[in-house]
Structures are given as C-alpha cells and as structure tokens.
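Just so we're on the same page: letters track the sequence lines, and every chain starts at 1.
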Number of protein chains: 2
Amino acid sequence: MEDVAARAGVSRALVSLVFNDSPKVSERRRAAVLAAAAELGYQPHAMAKALASRTSTVLGVLVSDLRNTFFADVIEGLDGAATQAGFELVLNTGSRSPAREADALRRLLSFRPAGVVLLSPVLAASAIAAAARRVPVVLVSRGSRQPGVDTVNDDGVSGARLAVEHLISLGHRRIAHLDGGTATAAAARRKGYRQAMAAHDLPARVLPSEHTDTAGEKAVRALLGTVEGDDVPTALFAGNDFNAFGAISALEEAGLRVPEDVSVVGYDNTSLAALRRVSLTTVDQPRMEMGRLAVETLLERVRGERAEPVRQLLRPTLVVRGTTCPPSGSD
Amino acid sequence: MEDVAARAGVSRALVSLVFNDSPKVSERRRAAVLAAAAELGYQPHAMAKALASRTSTVLGVLVSDLRNTFFADVIEGLDGAATQAGFELVLNTGSRSPAREADALRRLLSFRPAGVVLLSPVLAASAIAAAARRVPVVLVSRGSRQPGVDTVNDDGVSGARLAVEHLISLGHRRIAHLDGGTATAAAARRKGYRQAMAAHDLPARVLPSEHTDTAGEKAVRALLGTVEGDDVPTALFAGNDFNAFGAISALEEAGLRVPEDVSVVGYDNTSLAALRRVSLTTVDQPRMEMGRLAVETLLERVRGERAEPVRQLLRPTLVVRGTTCPPSGSD
DNA sequence: GATCGAGATTGGAGCGCTCTATTGAGTAGA
DNA sequence: TCTACTCAATAGAGCGCTCCAATCTCGATC
C-alpha cells in the first residue's frame, strides 16, 4: 500500500479511500492510484482492513453435516446472498458432536465474524445463547426461543398439509401417514397430516416408521399383513422420499400398482424423486431460499436494523409427479 | 489482552506466549494468565494474530458446485483435515462461470490464505497459474501441468478396470459400456473399460450415452432395438449410477431381469445405489479421502517441505451389491 | 486582492496481536 | 563473593490498514 501511494504520488490514506470507493476523491487521483495498484499487483489485505476498521466481512457457518444434500443446498443459498452483500463464509463442521461443535464455534468466533449461521446444530442451547451475546446468530432448521437468536425453518406442518390436501382433492379418503419417528422434522409433518385429515373429517392413521427406505418397506409390509381389502389405504403420505421409495417397493412386491392402486407422496424432493423411473410426487423445501433468507435475516441484525428476534417459516411447495392419481373406483 | 495481562500481573507478551503454548512460561504465570482470561472471557483475535505473525490459518476453498454431493463429501474431508491441522476454511462458490470464479478467487486471496483448494474449477489455466504464484494451490478433479500446482484426482481408469474385471471374473464376455460423452470423468472410465477388455482379448463395445437416467434408458432401448438374441450383452458398465439406473429400468421394461439376464455396474456410489431396492454394484470414489489428501498435499507445500508438483491419483474401490452375478448359462 | 468555505488530501494514532532484542532473576562453578 | 550462564519475563516496534482531525487548494464572493 505504501508502495502504491508512493508510485501514485499520494498518501496512504488516499489509497485507502480509493479502494473503499469514497466519493471524495478526485477522478485524477483515483485513476493514478488504480494505475499504480495495477502495475504493482496490489490487492488490499482483508484481515488488516477488518482489524483497522473494526468491522468484519466474515460470516461464520457451522454445519452439522455437510454430506446431507439439504445443507449443501442451504449453503449454496448462503454463499450467494453473502457474496452479493460483500461477505465471505468461514465454514466449520461439528460432525454431530456437541463438544466438537462447541469447539468449532469457538474457532469461528475467533475470527470475529459479523454474524454466525448455525445449521441444525446439536449444540447446547446455552452455548448458542453465549454466542448470541457476542455476535448476531441465526439458527436454521432448529427452533429457539432465545431472545437474541433468529430462526429460519421449513414449515413442515403446511408442507404435510399440502401433500394431504393434494391427495384429498384427488378423491382419496383412506390416507395413511408413514411416520418419521424421532427425526427432527417428523413431528411437524405428522401434525400437518393430522390437521389436514381432521379438517376434512377423515380418520387419521399414523403408521410408525422411520426416514429410511428399509423402514418404509417394513411399515408397508406390516400394514398389508394386518388389513384386508377395503381397509387398505388408497394413498400413503411418507415421512420423506427414502421412506416413500421403500414403501413403493413393498407395495409393488405385494402386487399393488402405484399410483393406480395406491398413491404415494414423499417429502424433501431429493434427486431420487426426480428420476424418471421413480417420478415421485413430493414436497420441496426451498433450501437455497432458506440460505438466502438466513443471511438476510442475519444482516438486518448486523446492521442494527432490528433487535427483536424473528422466526422465519418458509412455505414448502408440492411437486406433483407420477406417483399420485385419483383412487380407482372414483368417478 | 491488555486487560488480561494487567489482571494476571504480567506483560502482554507473556499472555501471547501462554496462548501459543510456549514452553518457556512458568507454570505459575501460565495458570494466572489462564485464570484471568477465563474471568474476563478473553479469546484471542485470529485476524490480529494472522496480521502480526505474518502467518495464516486460513485455507481458501473454491468450489464449482456445492449442490453436487461429490463436492460436499470432498469438503467434509477438507474440513476434517484442516481442523486437525489447525486451519479454517473460507469457502466460495463460482457457480460454473469463469468470471465469477475469478472474482471469488480474488476475494479468497484477499484473506491471504496459507493455501487454496480449487474444486473442479472452470477457471482459466492462466488464472490458476497467477494464483499459484502468490500462494500454494491444489486442484481437485481437474488436471494441470502447471509447475506450482498439485492435483488430486480419482483414478477413473483403474476404477473402470475394477468394474470390468469384476464382470469378467464372474464369467461375462459380452460387456458393453454406456459412455458418459463429454462429461469430465467419462474419458478415463472409457479408457479403463477399453484397457480391461483388451487385456482379456474381448471386443469393446462403447454405446454413446450421458450421465443421466434418461440417457441410460434411451441407450439401452436403442441397443435392444438393434441387436438380436445372442448378441445382447450379458453385462453393462454404465458411466455413472444415474445412467445405470436408467439402463436397469429399460432392461426390465424389455422383460430382461437384472442381474439374472444382464448384470449392471454403475460408478460413483451415490445414495441411490445403496437403496435396498436398487442395490447397485458400483465404484466408490474415496471422496472424503480426496479432501483429506488435498489438504495434506497443500500443507506440505505451505510448510515448504516440497516444491515440485505432485499428482495424486486415488484408487477407487468396487462396492459389490445385487446387480451383478454370473451370466446365465455359465457353469 | 483578501477572505471564505467546501472539497480534496494528509499525518499519525491505533486496531490486537507477535517477535526480536533486552533485562531480570536465579543458579552453579570457581 | 564474584562471574558466567540459563531461563523467564518484558519493552517496544511493527503487521497493513482505517479514521479522525488537521491542513491544503482553489474557485467564488465581496
């Protein structure tokens, strides 16, 4: 910087002004500085700048599991929004261990980020609160009633309702839900299913299962083993796509056609669902949008535009593909 | 830091030594400093440290497409190795545009990282060379003959050979390859297929296709439409898992059973392949290992242990599942 | 031509830390 | 008791930048 200033025949301070697009720099000097910088290959030092200006262009991101496509998509959204706002992402993984997450968070904070995004952390609530006292924090895919913490979540209740309403509008009446058990997202989806069924005076039927294909198979086999003809549901709302895929396998194995005999809806819109052969009707979470919104929510707080916590609940959308149709016998 | 020093009754320099685990600090002082730091909630400032020590604990990561699970897995590996070595990841995405990637790289470099990892960038070679002049660079999933640049790649040739040798050892003779066309990884896989077939004096048969399920379906339909009975391959080596999945669909549609009539091998070991219903035999790239190795390779250069470029080629492994068996009619 | 004021420019302190050289306190040997 | 060392601790400069207050420049005004 010193050298650039010397070469352009100006002071260091002026170089700083030029690189920060200050309006109070004459065109002549600006050109001279830019030229000198180009010749010398000068590039400002982000860390020195952060230190001197006491501001940070860093956003910390703590992700519990990157290998999950869900988070990868969210981070893509984070990155886009951060880049646009002039921020960089510092990324750390906690490998699903509270202790490692706490350590990762500590290291993140040592960079004095402008804010921190926590993606579905398993971290103790107290640790989150402690972080929130030092820096703005936004939580994705995990609730919180902490005062200094904003949250961004998929509205699983309305997503499930979307799926069930779709089935009902097709004419289905006997619709069962393959439950996700203890999975984080399962409770909301179950609730949405129950709400939708109740709203139409239909009996809810929740079959215990899990968010895997084998569990889906097993649950359907168990179902078919216990019910007879007219009591078999004409539609299934699965806890997620993997579960739906297992369920479809078991149905076909039992000689039932999908969707002619039984319609199936999944949740998550994984790459699996898009496969031509599978062509699964499913609920899509706006993952990148969640990332984008997380950054925007965070920056509002960073810029001091808001102090009260905000709870963002994003509307998922239904992707209708080939595993749903009206029940046989209807119209 | 000033405050901590005062509270512990020592100098600032001593606090610095304590936080850097210097051996030349008496136990008494160390304890005093640590206690004072805990009381005051002091945490060292990573950026100030970097600035003063002229060293960096940052590794820049430029990823072309995070949404691709492949990269997410690699990054997981990067993160693990980086954390272990005491480095943090600064992440940027280029969204497959050379211009945006160049900009992202520039921003990455403004943090004066100790090194940079480029994941399958579409960046111009000259831009990579320019970066390599300023900082150690390692390239993942893209070759380079630049002197200052190390590379880490999956050995697609031996991966393909692994798949084909497996089929041959099962007794297959008529093995066709569903080609990946212009996809980056396709050439190596095609080459490996050809090598393995030639090594056993078997005629190679490359069917043009692409790395998608629909392309796999189409290619198999085309194949079945042109060949008669005895000329139908008993095994297919698909360019990747999606392609294999499409191929399987088309085979079953034509009344051929997998694997009894036709064995199928994929490539990539996606989550799809592990589904119980699919249970695809496929080739697994050591993705996390690639990330880990990328960091280690980078750090060798960072520490100045090596100056000559290194070309890491990782051996993929075969995951045998349910889509391969001996051809009917054999033994 | 002197004065004023607005805009352009600059000096210098300081962000939180490290690092070199130096001082201080013991300790052992003569 | 004195010198020679060693190990522990410190002072102070400086990393690359920003930002405040101070200064300079120059056209407009009287």
(request) Answer yes or no: does a side-chain N or O of B/Ser16 lie under 4.0 Å from OP1 or OP2 of C/dT18? (result) yes
(request) Select base, sugar-phosphate, or nothing to describe what A/Val15 touches, counting heavy atoms under 4.0 Å on all strands. (result) nothing
(request) Could you state the atom-to-atom distance from NZ of A/Lys24 to P of D/dA21 in whole Å? (result) 12 Å
(message) Quick check against the 3.5 Å criterion: does B/Arg30 have a side-chain atom that pairs as donor or acceptor with the backbone of B/Asp21?
(response) no
(request) Whole angstrom is fine here: how far is it from CZ in B/Arg112 over to C1' in D/dC15? (result) 12 Å
(request) Using whole Å, report how far CG of B/Asn20 lies from P of D/dA9. (result) 16 Å
(message) Exactly one of A/Arg311, A/Arg142, A/Arg306 should register a salt bridge (Lys or Arg N to Asp or Glu O under 4.0 Å) with A/Asp150. Which one does?
(response) A/Arg306
(request) Examine distances only and state if a side-chain atom of B/Arg96 and a backbone atom of B/Gly94 form a donor-acceptor pair shorter than 3.5 Å. (result) no
(request) Identify whether any heavy atom of A/Arg29 sits under 4.0 Å from a base atom; if not, whether one sits that close to sugar-phosphate; answer base, sugar-phosphate or nothing. (result) sugar-phosphate
(message) Please report the distance, rounded to the nearest Å, between CZ in B/Arg28 and C1' in D/dC7.
(response) 14 Å
(request) Verify, without hydrogens or angle tests, whether B/Asp155 (side chain) and B/Leu314 (backbone) share a donor-acceptor contact under 3.5 angstrom. (result) no
(message) Using modelled atom types and a 3.5 Å cut-off, is there a donor and acceptor pairing between side-chain atoms of A/Ser56 and backbone atoms of A/Arg112?
(response) yes
(message) If you take any heavy atom closer than 4.0 Å to DNA chain C, which residues from residues 41-55 of chain A end up in contact?
(response) A/Leu51, A/Ala52, A/Arg54
(message) Distance check, rounded to the nearest 0.5 Å: A/Leu109 atom CG versus A/Asn92 atom CG?
(response) 10.0 Å
(request) Return the value, rounded to whole Å, for the distance between atom CZ of A/Phe111 and atom P of C/dC17. (result) 13 Å
(request) Report yes or no: is there a donor-acceptor pair, N or O only, under 3.5 Å between the side chain of B/Arg12 and the base of D/dT10? (result) no
(request) Check every atom of C/dG12, D/dT10, D/dA8 against the side chain of B/Leu14 and return the nucleotide holding the closest atom. (result) D/dT10
(message) Rounding to an integer number of Å, can you tell me how far B/Glu27 CD sits from D/dA8 P?
(response) 11 Å
(message) Report for the helix from C/dG1-D/dC30 to C/dA30-D/dT1: angle between first-end and last-end helix axes, five pairs each, rounded to 10 degrees.
(response) 50°
(message) Can you tell me if A/Arg315 has over 12 outside heavy atoms packed within less than 6.0 Å of its CZ?
(response) no
(message) Tell me if a side-chain donor or acceptor on A/Asn20 pairs with a main-chain N or O of A/Ser22 at a distance below 3.5 Å.
(response) no
(message) Can a donor-acceptor pair be found, under 3.5 Å and without considering hydrogens, that links the side chain of A/Ser95 to the backbone of A/Ser97?
(response) no
(message) Quick check against the 3.5 Å criterion: does A/Glu101 have a side-chain atom that pairs as donor or acceptor with the backbone of A/Val122?
(response) yes
(message) Does atom CZ (A/Arg303) have a neighbourhood of more than 12 heavy atoms from anything else shown, all under 6.0 Å?
(response) yes
(request) List the protein contact pattern of nucleotides 22-28 of chain D with one symbol per nucleotide (5' to 3'): B for base contact, S for sugar-phosphate-only contact, - for none; contact means a heavy-atom distance under 4.0 Å. (result) -------
